[in-house]
Each structure stands twice: as structure tokens, then as C-alpha cells.
Peer 1: 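So that we are looking at the same thing, I have put the structure below in C-alpha cells.
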Amino acid sequence: MKNINHSLKPVENGQGKNTKKSYTKELYNLLYKEPLSRRMVATKLGFTDQTYMVTPYILNWIKQGKAVVIGLIKCSRSGHQVQAISTNPDLFPKSNQLKLF
């Protein structure tokens, strides 16, 4: 029997945009609070082992400079060393390029 997670509220009365907006806001806030892997943040959002639900948003934020890979962490789900992603600007690496000259 397949285990189904019903943690997300169903979309009713055409509120799909509001649901998507609140979902992305929650994703952003989770990555702001602490650096997490894609799998760990997907699990916190209720999408167990469904990283494809968060990856497009994270990749777009990285391209836009709103998120960054800050290093490696041990994933609580897989036990492997994986990328730690954060949206907190205080954790972004500082550039030393100006100090070269």
C-alpha cells in the first residue's frame, strides 16, 4: 500500500496561485532559517524524497543571486555529504576579489 502524505491543503475555489505563492514563501523561509539540502527541505515541506518539487525554485534563486550553495552538510535523509543551500544573505560567501590589488 502506498503511503500518501496529506500535509498540504487541497486547492479549492481557484486558489492555486495563492497556494503556490505560500509554498514558495515557506520554502524560502526554511532555507533562510538554516542551510539545508534539497532533499531535507523537500521533506520539511511534506514532499518526502520528491526533490523535483523544490529544485526548480532553488535553481532559479541561485541564478538570480537570492540563494547560494554555502558548502557541504551531511544529509539527515541520505547520510551523504550534499550541498547546503541558504537564502540568508548573511551566510553568503564574501568575495575577496577587491583585496587582490
Side-chain angles (χ1 to χ4, degrees):
M1 181 176 262
K2 192 171 186 175
N3 190 6
I4 300 173
N5 189 346
H6 294 286
S7 64
L8 295 177
K9 295 179 182 177
V11 178
E12 297 175 2
N13 299 327
Q15 295 178 350
K17 289 183 181 180
N18 291 337
T19 303
K20 184 177 178 182
K21 188 174 183 177
S22 65
Y23 159 73
T24 55
K25 193 179 285 190
E26 186 177 355
L27 172 61
Y28 188 89
N29 288 335
L30 284 171
L31 292 173
Y32 189 89
K33 289 178 187 175
E34 64 178 318
L36 296 169
S37 73
R38 289 174 179 89
R39 181 179 276 187
M40 290 164 52
V41 77
T43 301
K44 285 190 177 210
L45 287 170
F47 301 112
T48 306
D49 295 330
Q50 296 176 341
T51 57
Y52 61 86
M53 296 296 288
V54 298
T55 299
Y57 300 106
I58 292 172
L59 291 178
N60 284 335
W61 290 338
I62 289 173
K63 287 178 186 176
Q64 296 169 0
K66 295 179 181 179
V68 69
V69 176
I70 60 169
L72 297 176
I73 59 172
K74 184 175 180 179
C75 180
S76 62
R77 300 275 305 140
S78 68
H80 294 97
Q81 292 290 324
V82 294
Q83 294 177 334
I85 301 160
S86 178
T87 56
N88 187 344
D90 295 336
L91 299 178
F92 287 14
K94 307 294 183 239
S95 174
N96 291 330
Q97 189 170 0
L98 296 176
K99 295 181 181 180
L100 292 175
F101 298 102

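Just so it is clear, the structure is predicted and the values come from calculations on it, not from any experiment. No hydrogens, no waters, no symmetry mates; every other heavy atom, side chains included, goes into these values.
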Peer 1: Do the side chains of L59 and V41 join up, straight or via other hydrophobic residues, at under 4.5 Å, putting them in one cluster?
Peer 2: no
Peer 1: Determine yes or no for a side-chain-to-main-chain donor-acceptor pair under 3.5 angstrom, with T87 supplying the side chain and Y32 the backbone.
Peer 2: yes
Peer 1: Drop me the distance from Y57's OH to T24's OG1, to the nearest 0.5 angstrom.
Peer 2: 6.5 Å
Peer 1: Can you get from I58 to V68 by hopping between Ile, Leu, Val, Met, Phe, Trp and Tyr side chains that sit under 4.5 Å apart?
Peer 2: no
Peer 1: With sequence neighbours left out, what residues match Y28 under ring-ring contact (aromatic ring centres under 6.0 Å, His included)?
Peer 2: W61
Peer 1: What is the minimum heavy-atom distance between M40 and K74, and which atoms define it?
Peer 2: SD-O, 4.4 Å
Peer 1: What's the shortest heavy-atom distance between L30 and L36, and which atoms?
Peer 2: O-CD1, 4.1 Å
Peer 1: Hey, any chance L91 and I73 share a hydrophobic cluster, counting ILVMFWY side chains that come within less than 4.5 Å of each other, even indirectly?
Peer 2: no
Peer 1: Kindly give the heavy-atom pair with the smallest separation between R38 and T51, and that separation in Å.
Peer 2: C-CG2, 4.0 Å
Peer 1: Output the distance between atom NZ (K66) and atom CZ (F92), rounded to the nearest 0.5 Å.
Peer 2: 10.5 Å
Peer 1: Sequence neighbours left out, what pairs pass salt bridge (charged side-chain N to carboxylate O under 4.0 Å, His left out) with at least one residue falling in residues 49-62?
Peer 2: R39-D49, D49-R77
Peer 1: Once you round to the nearest 0.5 Å, how far does CD of Q83 lie from SG of C75?
Peer 2: 12.0 Å
Peer 1: On a heavy-atom basis, which atom in T43 and which in T48 lie closest, and how many Å separate them?
Peer 2: OG1-CA, 4.3 Å
Peer 1: Nearest 0.5 angstrom please: M53 CE to L45 CG, how far?
Peer 2: 9.0 Å
Peer 1: Is there a path of hydrophobic side-chain contacts, each under 4.5 Å between heavy atoms, that joins I85 and Y23?
Peer 2: yes
Peer 1: Rounded at 0.5 Å granularity, tell me how far NZ in K44 sits from CG in L31.
Peer 2: 10.0 Å
